[in-house]
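Numbers here are sequence positions counted from 1. One-based numbering, in listed order, for ligands and for the atoms of each. All values reported here derive from a predicted model rather than from experimental measurement.
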Amino acid sequence: MRSVSDTLKQLKQTGLRVTDPRIEVVKEIHARDGLFTGEQLYDDLRGRGSGIGRATVFRTIDVLVELEILDRVHQPDGAHGYVLRGPGHRHHMVCSGCGNVVEFQGCNVDELIENLASETNFRIEGHWLEIFGTCGRCQDIPQASAD
Ligand SMILES: [Zn+2]
Ligand SMILES: [Zn+2]
(Lines give C-alpha, C1' and ligand atoms only; values in the text may rest on other atoms or scores of the structure.)
(Ligands and ions follow the chains in the order given, each with its own letter.)
Protein backbone atom coordinates (compact mmCIF):
# COMPACT_ATOMS: atom_id res chain seq x y z
CA MET A 1 0.00 0.00 0.00
CA ARG A 2 1.18 3.49 -0.83
CA SER A 3 2.35 5.57 2.12
CA VAL A 4 2.26 9.31 2.80
CA SER A 5 5.99 9.51 2.23
CA ASP A 6 5.72 7.71 -1.15
CA THR A 7 3.23 10.30 -2.28
CA LEU A 8 5.29 13.22 -1.00
CA LYS A 9 8.38 11.83 -2.72
CA GLN A 10 6.49 11.61 -5.99
CA LEU A 11 5.24 15.15 -5.59
CA LYS A 12 8.79 16.41 -5.02
CA GLN A 13 9.98 14.64 -8.16
CA THR A 14 7.64 16.75 -10.25
CA GLY A 15 9.48 19.84 -9.05
CA LEU A 16 6.43 20.98 -7.15
CA ARG A 17 7.08 22.74 -3.87
CA VAL A 18 5.86 20.50 -1.12
CA THR A 19 4.43 23.08 1.24
CA ASP A 20 2.85 22.44 4.65
CA PRO A 21 -0.71 22.84 3.32
CA ARG A 22 0.00 20.30 0.55
CA ILE A 23 1.41 17.88 3.12
CA GLU A 24 -1.78 18.40 5.12
CA VAL A 25 -3.89 17.47 2.10
CA VAL A 26 -1.81 14.37 1.34
CA LYS A 27 -2.02 13.17 4.95
CA GLU A 28 -5.77 13.71 5.03
CA ILE A 29 -6.20 11.74 1.80
CA HIS A 30 -4.17 8.84 3.12
CA ALA A 31 -6.14 8.82 6.38
CA ARG A 32 -9.43 8.37 4.55
CA ASP A 33 -11.13 5.24 3.49
CA GLY A 34 -13.14 5.18 0.30
CA LEU A 35 -14.47 7.89 -1.90
CA PHE A 36 -14.23 11.58 -1.06
CA THR A 37 -14.89 14.82 -2.88
CA GLY A 38 -12.70 17.92 -2.88
CA GLU A 39 -15.43 19.71 -0.97
CA GLN A 40 -15.51 17.04 1.76
CA LEU A 41 -11.76 17.11 2.11
CA TYR A 42 -11.78 20.88 2.40
CA ASP A 43 -14.64 20.88 4.94
CA ASP A 44 -13.00 18.21 7.09
CA LEU A 45 -9.67 20.02 7.17
CA ARG A 46 -11.32 23.34 8.01
CA GLY A 47 -13.50 21.62 10.58
CA ARG A 48 -10.36 20.56 12.41
CA GLY A 49 -9.09 24.10 12.54
CA SER A 50 -6.88 24.08 9.47
CA GLY A 51 -6.40 27.43 7.77
CA ILE A 52 -5.98 25.76 4.39
CA GLY A 53 -7.38 27.47 1.31
CA ARG A 54 -9.93 25.84 -0.95
CA ALA A 55 -7.75 26.40 -4.03
CA THR A 56 -4.83 24.56 -2.42
CA VAL A 57 -7.02 21.55 -1.71
CA PHE A 58 -8.39 21.39 -5.25
CA ARG A 59 -5.04 22.09 -6.94
CA THR A 60 -3.31 19.41 -4.90
CA ILE A 61 -6.03 16.91 -5.81
CA ASP A 62 -5.59 17.77 -9.50
CA VAL A 63 -1.84 17.21 -9.30
CA LEU A 64 -2.37 13.86 -7.56
CA VAL A 65 -4.77 12.81 -10.32
CA GLU A 66 -2.21 13.79 -12.97
CA LEU A 67 0.41 11.73 -11.16
CA GLU A 68 -2.04 8.82 -11.13
CA ILE A 69 -1.92 8.68 -7.35
CA LEU A 70 -5.62 9.41 -7.15
CA ASP A 71 -8.33 8.04 -9.38
CA ARG A 72 -11.20 10.27 -10.33
CA VAL A 73 -14.44 8.36 -9.90
CA HIS A 74 -17.60 9.47 -11.64
CA GLN A 75 -20.71 9.08 -9.56
CA PRO A 76 -24.20 8.32 -10.81
CA ASP A 77 -25.37 11.85 -9.94
CA GLY A 78 -22.74 13.31 -12.27
CA ALA A 79 -20.48 14.58 -9.50
CA HIS A 80 -17.08 13.06 -9.09
CA GLY A 81 -15.03 11.91 -6.18
CA TYR A 82 -11.55 10.57 -5.67
CA VAL A 83 -9.91 7.48 -4.26
CA LEU A 84 -6.30 6.46 -3.81
CA ARG A 85 -5.31 4.25 -6.69
CA GLY A 86 -4.33 0.68 -5.99
CA PRO A 87 -1.51 -1.07 -7.87
CA GLY A 88 -2.09 -2.36 -11.40
CA HIS A 89 -4.99 -1.89 -13.76
CA ARG A 90 -8.14 -1.56 -11.72
CA HIS A 91 -11.68 -0.36 -11.89
CA HIS A 92 -14.19 0.81 -9.35
CA MET A 93 -17.61 -0.17 -8.26
CA VAL A 94 -19.45 2.70 -6.56
CA CYS A 95 -22.45 2.42 -4.24
CA SER A 96 -25.06 5.08 -5.05
CA GLY A 97 -26.34 4.84 -1.48
CA CYS A 98 -23.30 5.42 0.68
CA GLY A 99 -20.54 6.20 -1.82
CA ASN A 100 -18.55 3.14 -0.80
CA VAL A 101 -16.01 2.17 -3.47
CA VAL A 102 -14.84 -1.35 -4.22
CA GLU A 103 -11.86 -1.85 -6.50
CA PHE A 104 -11.75 -4.76 -8.85
CA GLN A 105 -9.33 -6.15 -11.40
CA GLY A 106 -10.05 -8.04 -14.55
CA CYS A 107 -12.12 -6.16 -17.08
CA ASN A 108 -13.04 -8.38 -19.95
CA VAL A 109 -13.08 -5.81 -22.71
CA ASP A 110 -10.08 -6.80 -24.85
CA GLU A 111 -12.22 -8.33 -27.57
CA LEU A 112 -14.55 -5.35 -27.65
CA ILE A 113 -11.61 -2.99 -27.90
CA GLU A 114 -10.01 -4.95 -30.73
CA ASN A 115 -13.28 -4.94 -32.64
CA LEU A 116 -13.79 -1.25 -32.09
CA ALA A 117 -10.25 -0.49 -33.15
CA SER A 118 -10.58 -2.36 -36.42
CA GLU A 119 -14.07 -1.03 -37.17
CA THR A 120 -13.27 2.59 -36.47
CA ASN A 121 -9.55 2.74 -37.17
CA PHE A 122 -9.01 4.21 -33.73
CA ARG A 123 -5.74 3.64 -31.97
CA ILE A 124 -7.19 2.90 -28.57
CA GLU A 125 -4.99 3.89 -25.67
CA GLY A 126 -7.09 3.06 -22.66
CA HIS A 127 -10.50 2.87 -21.17
CA TRP A 128 -12.54 3.78 -18.14
CA LEU A 129 -15.00 1.37 -16.73
CA GLU A 130 -17.14 2.08 -13.73
CA ILE A 131 -19.88 0.08 -12.19
CA PHE A 132 -22.46 1.60 -9.94
CA GLY A 133 -25.25 0.11 -7.89
CA THR A 134 -26.28 -0.49 -4.30
CA CYS A 135 -23.95 -2.27 -1.88
CA GLY A 136 -25.12 -5.11 0.36
CA ARG A 137 -25.22 -2.92 3.45
CA CYS A 138 -27.39 -0.29 1.75
CA GLN A 139 -29.74 -2.97 0.40
CA ASP A 140 -30.42 -4.02 4.00
CA ILE A 141 -31.56 -0.54 5.02
CA PRO A 142 -35.37 -0.54 4.85
CA GLN A 143 -36.70 2.04 2.38
CA ALA A 144 -38.71 4.83 4.00
CA SER A 145 -42.32 4.49 2.91
CA ALA A 146 -43.82 7.30 0.86
CA ASP A 147 -46.84 7.89 3.10
ZN1 LIG B 1 -23.81 1.47 0.14
ZN1 LIG C 1 -9.92 -2.19 -17.56
Peer 1: H127 versus H89: any side-chain heavy-atom pair under 4.5 Å?
Peer 2: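 Answer yes - side chains close enough.
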Peer 1: Taking the Zn ion (ligand 1) as the vertex, measure the angle between atom SG in C95 and atom SG in C135; round to 10°.
Peer 2: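 Centred on the Zn ion (ligand 1), the SG/SG angle is 110° (to 10°).
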Peer 1: What distance do D6 atom CG and I69 atom CD1 have between them, rounded to the nearest 0.5 Å?
Peer 2: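 Here the rounded value is 9.0 Å.
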Peer 1: With carbon and hydrogen excluded and only N/O/S kept, which atom of H91 is nearest the Zn ion (ligand 2)?
Peer 2: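 Going through the N, O and S atoms of H91 one by one, NE2 ends up nearest to the Zn ion (ligand 2).
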Peer 1: Going by an N to O cut-off under 4.0 Å, is there a salt bridge joining R90 and D71?
Peer 2: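 Not counted as a salt bridge, because no side-chain N and carboxylate O are separated by less than 4.0 Å.
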Peer 1: Which value, rounded to 10°, describes the SG(C107)-the Zn ion (ligand 2)-NE2(H89) angle?
Peer 2: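 Vertex at the Zn ion (ligand 2): approximately 110°.
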Peer 1: If you measure from the Lys or Arg side-chain nitrogens to the Asp or Glu carboxylate oxygens, is any gap between D20 and K27 under 4.0 Å?
Peer 2: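 A salt bridge is absent here (no side-chain N lies under 4.0 Å from a carboxylate O).
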